[in-house]
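Beneath this line is the structure, given in structure tokens, with notes to follow.
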Amino acid sequence: MAPHTGGLTTGAAVRISGLHRSFTDDRPVLSGLDLQIGQGEFVALLGRSGSGKSTLLRALAGLDQDATGTGDIEVPEQVSVVFQDSRLLPWQRVLRNVVLGLTGPGAVQRGKDALAEVGLAGRERAWPRELSGGEQQRVALARSLVREPELLLADEPFGALDALTRIKMHGLLRALYERHRPAVLLVTHDVDEAIVLADRVLVLDHGVVKTERRIDLDGTRDPSDPRFAAVRTELLAALGLAGGVEIKQEES
Amino acid sequence: MAPHTGGLTTGAAVRISGLHRSFTDDRPVLSGLDLQIGQGEFVALLGRSGSGKSTLLRALAGLDQDATGTGDIEVPEQVSVVFQDSRLLPWQRVLRNVVLGLTGPGAVQRGKDALAEVGLAGRERAWPRELSGGEQQRVALARSLVREPELLLADEPFGALDALTRIKMHGLLRALYERHRPAVLLVTHDVDEAIVLADRVLVLDHGVVKTERRIDLDGTRDPSDPRFAAVRTELLAALGLAGGVEIKQEES
Amino acid sequence: MTAVKTEAKAVVPPVDDEELAAGRASRPRGKRRLGPGKPIPLAFLIGPLLLLGVWAWGSAAGWIDDRVLTAPWTVVTTAWERWESGKLGPDLLVSTQRFALGLLFGVLAGLVLALVSGLSRWGEAIVDGPVQIKRSIPNLALLPLLLLWFGIDERMKIITIALGVLIPIYIHTHNGLRSIDGRYAELAETLRLKPAAFIGRVVLPGALPGFLLGMRFAVTSAWLSLVVVEQVNATSGIGYMMLLAGTYGQTDVIIVGLVLYALLGLASDAIVRLIQRRALTWRRTLED
Amino acid sequence: MTAVKTEAKAVVPPVDDEELAAGRASRPRGKRRLGPGKPIPLAFLIGPLLLLGVWAWGSAAGWIDDRVLTAPWTVVTTAWERWESGKLGPDLLVSTQRFALGLLFGVLAGLVLALVSGLSRWGEAIVDGPVQIKRSIPNLALLPLLLLWFGIDERMKIITIALGVLIPIYIHTHNGLRSIDGRYAELAETLRLKPAAFIGRVVLPGALPGFLLGMRFAVTSAWLSLVVVEQVNATSGIGYMMLLAGTYGQTDVIIVGLVLYALLGLASDAIVRLIQRRALTWRRTLED
Amino acid sequence: EEDGGPVLAADADLPTTVPEGTKLVIGDPSQQVAFELSGLASLLTFDVEWANISGGPKSAEAFRAKSLDISSVADIPPIHTNWTGLPTKIVAAAGRIDPLQHPIYDLGIAPGVDVASLEDLAGKRIAYSPGQAQGALILRVLDAAGLTQDDVELVELPSTADTYSNALAGGEVDVAPIGGTQVKSYVNKYGSDGATTIPHGLRDDPWVLYAPVEVLEDADKAAAIAEYVRLWGAAKLWTRANRDEWINAWYVEHEGLSVEDGEYLHDREGEPDFPENWDETIARHQETIEIVAEGTGNEVLDAEDLYDRRFEPLVAEGIAEYGDGGAS
Ligand SMILES: Nc1ncnc2c1ncn2[C@@H]1O[C@H](COP(=O)(O)OP(=O)(O)OP(=O)(O)O)[C@@H](O)[C@H]1O
Ligand SMILES: Nc1ncnc2c1ncn2[C@@H]1O[C@H](COP(=O)(O)OP(=O)(O)OP(=O)(O)O)[C@@H](O)[C@H]1O
Ligand SMILES: [Mg+2]
Ligand SMILES: [Mg+2]
């Protein structure tokens, strides 16, 4: 059950073994999950809604005081989290939210640059509530871009973005990744996104990593590439969609 | 610029003409938007993040007191809104959130049924904060399912759902639609979703409806159908993605 | 590196120490670094006990003058004597009755006014000013007017207490109500909630945290009002007891009264905080 | 159906009326059905003016006994006489100084205690109980002890006012702090905020609404404390003026004092509310 | 207020019968107990409602609120009520036999302060509560010592609870008037530190019943007051004659003191004196008025106007009829 990364990276950045987590007595959310993420490895996590992806991320970030459970977790010191809700402090303006906790003379400039990168130049002094859903999400992204974590945990960071913006943000995330080479655990619902971005894709199901798929497409990852399509079909099947995306409109 | 629906439906459920809206002096969000939605028509709205989709929906729902602007809006009396944030009352348990404002003996049962339909049977007594992101979104969906609006405004109601759950929810929305035939305005970032569900797809850009596409695929709408792909390519182009979904991974 | 086992059942053994140097850390489950952290059991007793300790120690060591601040044991004896002789019990009972009635009416009136003023700008225009004025003027100075309007008997006492209670309830509920996130009002509007449902499902639960904070002030204010109202034509009650002890200079009885006030205040406050904790389970805050 | 033009510039003419019967409606922009609605300009004056009206009318018509509630014009005359004779001005000035100093120290102490007690369970265990006890005990009964500890001069007066101010500031800030959404603490933790940054960026701004509500109580409490402290070794101040008038039964001077209190209270409260509105622009609530 | 009776002119004779249904609210707590114990209460033919209100400020407030008809106070409050637009008149006056031996107040002297006689007050810090009886006493003491307010330092301080004892013991003031049990407890507590008391040597015994003129203008109430005043002295005498019963009922039961303190206070009070002729009383009152008027900057009243002499003979009549034996 427990997948182990091979020798791709020099050491493991994240090690989880035998992780159990539950909120209520009857139904565990994570039940004996084992996982290793190599240093500098980019892992995408898929899974049904409610399957425990956020729970796993929160456990890695040490934020699961609501839950009970056992298991060993090792993570690097510097962890950065992009929450599923964008979680901007409502009482701080956008720029302040981005540079929150950063010190040093360059902090503000770095924050401005990051905002510009996510397409929000000029909105530095807006309040979070004045932003559209996607803009808020991008601020949250900018907040993680200005940091240099050893582990980046991102919980559906692109969920509220349109296709073009999303692709731009993919680029930004890859750039950040290339720059510092953190280990990344990215939760997403978009299978294509997972395949395009990650080195390895995991599917969480019934509290454990049910499926694991190393993405060994070379260079350009083109969704129209048949190998890409094959991986997609495989992952969709793991998610419970036998024949890929299909819907009978008049069925109901 | 201003598209008018043809004689497909007997009358217009929504009429918007010359809608201007802006939050700050310099940059209008909507600038002279015209739109008609026929009774019983299902319209999908695409647009870049921050293009004003939510602003338009809020104007239709009468919730734009923050904005200034001019223009005429006509909407039916019974409007139901699925907000971009799922907007559950944190102090009401899930079931109470679903049946909020419903009266009559059957209300609670209808609420339970709706929760079961969105896959949350047994979670009636959970607090909203105890739900995962996707679960919260489904509760918000359930809340609109138990109502019988003449106009349904849905702002990215499926954004936080995985592929399989999303397809199930599509089915539920279609079922609701078939049952009462409300006019629907659905904001989404997923072009395929728009094509699968809607009678007509609009693309909002620079404050007006820039592109409008009637979906005349018959019966089953299969993404692998070449005509489907053609529509998709057309819409993606309108969204600024020239060659469909494409990303050079090593580009950055 | 020491892998912290979050509980005994951990499956994988701890890893070697070198990795610790590599800057890695393992996180125990849910240990908060910021924020107040886990509640200490019976913490609410520590402060008062500490105070009691200082008092007792100071009295015993002699640097608290017994003639000004009677020693705790003397206070206990005095209280016990008064209780035995049947003086304290009735005083307490009478005061508690006044407290309860005043609290009841004050809370009801405060709530109604807060709703009227919170939900309508005209209501606010009319109600808010007078309430602010009431709370700006000293109760003691108001007494003559209250005497005039409500006489010198029980009714006047209960009204005066209720007026004192009304203030924090009104202000806090009004403030809580007006602080409700506008998005929930939008929701209520799109769901076409009837005003009654809006009040019952959105306004009252949303203002509940504010109201409960108001209750914390209301209960102490109700006890404190006794000091003023029981100066007038009272023949029992702890306020009267203190007044009497004051005129005769019975320091020990005054301190008994103060301790009684402290206990009653602490107890009422604790009850409200308990209700607070129960009623606000839907929140996850720094408190939890 | 009448299409409501949301402003004059509307482009499309109204549509015919038949569609109205079909159950459709056009919505004017941003008109709220639920909630308090748009603010009325100068609304805060309406209530006090109404009160003044009733008072004036009652006095003129004779059903308010002039010996109990002096007529407004008499109050104005009395106030003017006292002002002219140079009595009121210095009283006000002295009181305002005491108010300002007491407020300053009280707010600072309350804030520090609230932070200590809000951010550490041990701090809370030690600080919270004594503060609750302080607020349960009548100020007047505490006077002998304060006298003893701080003497009878200016210092004691300012400390007493500060002690009164400390209470609402402490309770509200503590409550506001503990009510901060736990998600923001989580965020702060993952961002590895230093304690100072956590306090400065998360805790203080998050507790600001609570603190400001506390300030509303603090300012009135500071004015009211004057009634008690200016009984001791004071020869000026509005509390002293009221005390003297009270023992002599000078109704008109008492009413001048009450009106003064009302005005000072209203004004201070209005200032805090203005700050509230300014400082909390980041919120969108039912208020807006 | 309920309907009043017929108007009674200030110089008209007092009615002799009290009509059915007349009600009087009396603020005289210790006399209430005396009336009830002695059985004199049963002789009252009107509806009596006892209010636990006494002392100047509280009774004046209640008069203004029309919640009280008659109250028992020292000689200062009637002066203040008349100064502040609440006309009242005294309907009964009492004093003490041998008043200098049985003062209400003594002057408490702080430990270490050297004051043996009134002359030594010069330059001292003296607690002064304007408007209260203690305040007036200080003004009279200064007058008697030939000092003015400028010769001493008056520290304004309310005489609530044991504030004065504490202020003395804490060295905040040098001299303060203290009364009743406070004298005893002050010396007991701080005598070892050097705390002393000295007599002020003035008469502070005047004790009166007073009522608003408005009430006295109501013929029915005036009749009821006359009836009460008639029994007032007899009730007081009863308390002297029934020492133990009185101490127990009043000091111990009602006021919550120890028997010892009750005895101390009872004995300190001395025997009451009910002058049959008020001339001397009024003359002394006039002196007091003049001193207080000077100290507070008020106009001088004519003491004669403060008294309603129609009631002058009533107390003596009652005592003649009932002695100190109560109603039995
Ligand atoms: N605080 C909580 N109390 C009780 N149950 C909880 C709590 N938090 C999460 N859960 C439950 O645990 C399960 C896993 O939640 P989690 O948030 O990890 O799901 P997820 O995989 O992130 O789903 P989504 O894709 O919808 O965000 C869900 O069924 C959720 O209802
Ligand atoms: N209250 C506000 N104050 C100021 N600007 C606002 C406010 N609300 C929205 N805006 C701005 O108006 C523009 C349109 O916002 P809107 O929410 O309509 O975008 P959207 O199309 O829904 O985007 P998304 O897909 O990201 O949700 C954005 O640039 C946003 O920043
Ligand atoms: Mg999640
Ligand atoms: Mg939007």
Side-chain angles (χ1 to χ4, degrees), chain C residues 32-37 39-40 43-44 46-48 50-51 68-69 118-121 124-130 132-133 135-138 140-141 144-145 148 175 177-182 185 188-189 193 198 209 213 220 223-224 227 242 254 258 261-262 265-266 269 284-288, chain D residues 32-37 39-40 43-44 46-48 50-51 68-69 118-121 124-130 132-133 135-138 140-141 145 148 175 177-182 185 188-189 193 198 209 213 220 223-224 227 242 254 257-258 261-262 265-266 269 284-288:
Chain C
R32 278 239 187 110
R33 204 176 46 90
L34 298 169
I40 304 169
F44 66 97
I46 297 176
L50 220 67
L51 217 61
V68 176
L69 186 55
L119 292 177
S120 120
R121 293 285 176 187
E124 181 175 30
I126 292 164
V127 169
D128 202 65
Q132 302 301 340
I133 288 177
R135 89 187 172 96
S136 309
I137 59 188
L140 217 61
L145 291 180
L148 179 78
N175 186 77
L177 194 161
R178 286 291 172 85
S179 302
I180 294 176
D181 196 323
E189 211 144 322
L193 285 199
F198 178 58
L213 182 59
T220 31
W223 286 121
L224 290 183
V227 181
M242 299 230 346
I254 296 183
L258 288 186
Y261 270 110
L266 278 180
D269 192 64
R284 262 298 162 276
T285 61
L286 269 191
E287 176 69 41
D288 305 291
Chain D
R32 278 241 185 109
R33 203 175 46 92
L34 299 169
I40 305 169
F44 66 96
I46 298 178
L50 220 65
L51 218 59
V68 176
L69 186 55
L119 292 177
S120 119
R121 293 284 176 186
E124 181 175 29
I126 291 164
V127 169
D128 202 65
Q132 302 301 340
I133 288 176
R135 89 186 170 96
S136 312
I137 290 180
L140 217 60
L145 291 180
L148 182 79
N175 184 79
L177 195 160
R178 287 290 173 86
S179 301
I180 293 176
D181 197 323
E189 211 144 321
L193 284 199
F198 178 58
L213 183 58
T220 30
W223 286 122
L224 289 183
V227 181
M242 299 262 301
I254 296 185
L258 287 187
Y261 269 109
L266 278 180
D269 191 65
R284 263 295 164 278
T285 60
L286 269 190
E287 176 70 40
D288 306 289

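All values below were derived from every heavy atom in this structure, side-chain atoms included, with hydrogens, water molecules and symmetry-related copies excluded. All chains are named by letter (A, B, ...) in the order of the sequence lines, taking the proteins before the strands, and each is independently numbered beginning at 1. Keep in mind that what you see is a predicted model, and the values were worked out from it rather than measured.
- D181(D) touches chain C through backbone and side chain together, each having a heavy atom under 4.5 Å away.
- With hydrogens and angles disregarded, no donor-acceptor distance shorter than 3.5 Å links the side chain of R178(C) to the backbone of T285(D).
- Interface check for chain C: of the options V227(D), I254(D), D128(D), the most heavy-atom pairs under 4.5 Å are formed by D128(D).
- Residue R284(D) touches chain C through its backbone alone, counting heavy-atom pairs closer than 4.5 Å.
- With respect to chain C, the highest number of heavy-atom pairs below 4.5 Å among P138(D), G129(D), G265(D), A262(D) belongs to P138(D).
- The two residues R135(D) and L224(C) come nearest to each other via the heavy atoms O-CD1, 3.5 Å.
- Most heavy-atom pairs under 4.5 Å with chain D, from the set P209(C), A43(C), P39(C), A188(C): that is P39(C).
- Atom OG1 of residue T220(C) and atom CD of residue Q132(D) lie 8.0 Å apart, to the nearest 0.5 angstrom.
- In terms of heavy-atom pairs under 4.5 Å with chain C, the best-connected choice from L50(D), I126(D), L213(D) is L213(D).
- Of the atoms belonging to L266(C), heavy atoms from both backbone and side chain fall under 4.5 Å from chain D.
- Here the closest heavy-atom approach between residue G118(C) and residue P36(D) is recorded as O-CB, 3.4 Å.
- Both the backbone and the side chain of S179(C) come within contact range of chain D, judged by heavy atoms closer than 4.5 Å.
- Across every non-hydrogen atom of F198(C) and A185(C), the tightest pair is CE1-CA, 4.3 Å.
- Chain C forms the most heavy-atom pairs under 4.5 Å with one residue out of I137(D), I180(D), L69(D), and that residue is I180(D).
- Within the 4.5 angstrom heavy-atom criterion, atoms from both the backbone and the side chain of S136(D) approach chain C.
- At a threshold of 4.5 Å between non-hydrogen side-chain atoms, the residues M242(D) and Y261(D) count as touching.
- Within the 4.5 angstrom heavy-atom criterion, atoms from both the backbone and the side chain of L258(C) approach chain D.
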